[in-house]
*Asks:* 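This is the structure, below, for whatever I ask next.
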Amino acid sequence: MITESVYIGLGANLNDPVAQLKSALKSLQSLPDTQLVSHSSLYSSKPLGPQEQPEYVNAVAELRTELAPLSLLDALQVIEQEQGRVRKEERWGPRTLDLDIILFGKQIISCERLTVPHYHFHAREFVLYPLNQIAPALRLPDGTPLATLISQVPDNGLTELIP
Ligand SMILES: CC1(C)Nc2nc(N)[nH]c(=O)c2N=C1O
């Protein structure tokens with residue numbers, strides 16, 4: 001049974017990032033036992049980390065899925081690899097496509113491969129603002145309203161590219 005909302009962070013800053021995200025959104029729609037419910041606009045954002053890399057294009061998508069968290073993670077990594085991501089990229093370096101599980105319903109997951117809620121998203125305007133666009137009333141598993149997080153994180157020049 002398709003149950004909870006799952007939120008995916010999309011990011012790219014190499015090889016035509018807008019096209020990378022548009023292609024990734026199509027692939028998310030085609031995942032087995034999964035619906036793409038909605039997605040945010042595409043935004044341009046300053047790189048978090050080393051500044052000598054291109055600006056990023058970011059978005060957030062909402063899925064409904066029957067897949068278990070690690071099965072979804074496997075499927076996301078296949079999409080990343082299909083779009084040319086090389087896993088041995090430096091940790092904070094540029095990338096063709098990042099697909100991160102930000103939230104998986106109200107689940108709190110902590111295993112070697114997966115931490116949910118995503119461990120850094122609370123401080124990332126390029127995740128919080130697109131998430132707020134599609135789920136303004138969202139509360140985190142611990143009950144914290146998304147609105148509270150947004151009030152603590154400046155937009156850092158985040159710019160809407162494509163509605
Ligand atoms: C290198 C690092 C942390 N910086 C980023 N910076 C921005 N703006 N957007 C990202 O998606 C992103 N992804 C990353 O992995």
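Whatever order the structure lists them in is the order used to number ligands and atoms, beginning at 1. The first residue in the sequence is number 1, and the count goes up from there.
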*Asks:* Do F126 and K46 touch side chain to side chain, with heavy atoms closer than 4.5 Å?
*Replies:* no

*Asks:* Does ligand 1 come near enough to K46 that some N or O of the ligand is less than 3.5 Å from an N or O of the residue?
*Replies:*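 For ligand 1, there is an N or O atom that lies under 3.5 Å from one belonging to K46.
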
*Asks:* Do D155 and L128 come within less than 4.5 Å of each other through their side chains, counting heavy atoms only?
*Replies:* no

*Asks:* Geometry only, no angles: is G11 polar-contacting ligand 1 at N/O separations under 3.5 Å?
*Replies:* no

*Asks:* When rounded to the nearest 0.5 angstrom, what distance separates CD1 in I102 from CD1 in I8?
*Replies:* 7.5 Å

*Asks:* Please verify whether a non-hydrogen atom of E55 lies at under 4.0 Å from ligand 1.
*Replies:* no

*Asks:* Atoms of ligand 1 less than 4.0 Å from P47 heavy atoms?
*Replies:*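 Here the atoms of ligand 1 in question are 6 (N), 8 (N).
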
*Asks:* Checking S44 against E55: is there a side-chain donor and acceptor pair closer than 3.5 Å?
*Replies:*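 Indeed, the side chains of E55 and S44 share at least one donor-acceptor pair under 3.5 Å.
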
*Asks:* Side chains of Q83 and S23: any donor to acceptor distance under 3.5 Å?
*Replies:*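 Q83 and S23 do have a side-chain donor-acceptor pair below 3.5 Å.
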
*Asks:* Look at D16 together with K22 and state whether they make a salt bridge at an N to O cut-off of under 4.0 Å.
*Replies:*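 A salt bridge is absent here (no side-chain N lies under 4.0 Å from a carboxylate O).
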
*Asks:* May I ask which of N156, V57, L48 has a heavy atom nearer to atom 6 (N) of ligand 1 than the others do?
*Replies:*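 When every heavy atom of N156, V57, L48 is considered, L48 comes closest to atom 6 (N) of ligand 1.
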
*Asks:* Report, as yes or no, whether the 6.0 Å neighbourhood of atom NZ on K26 holds more than 12 heavy atoms from other residues, nucleotides or ligands.
*Replies:* no

*Asks:* What protein heavy atom lies closest to atom 12 (C) of ligand 1? Include the residue and the distance to one decimal.
*Replies:* Y56 CE2, 3.6 Å

*Asks:* At under 4.0 Å between heavy atoms, is it the side chain or the backbone of W92 that contacts ligand 1, or both, or neither?
*Replies:* both

*Asks:* For ligand 1, find out whether one of its N or O atoms is nearer than 3.5 Å to an N or O atom of S45.
*Replies:* yes

*Asks:* Hey, looking at atom 9 (N) of ligand 1, which of D98, V127, L97, N58 has the closest heavy atom?
*Replies:* N58

*Asks:* In this structure, does ligand 1 have an atom that sits under 4.0 Å from one of the heavy atoms of G49?
*Replies:* no

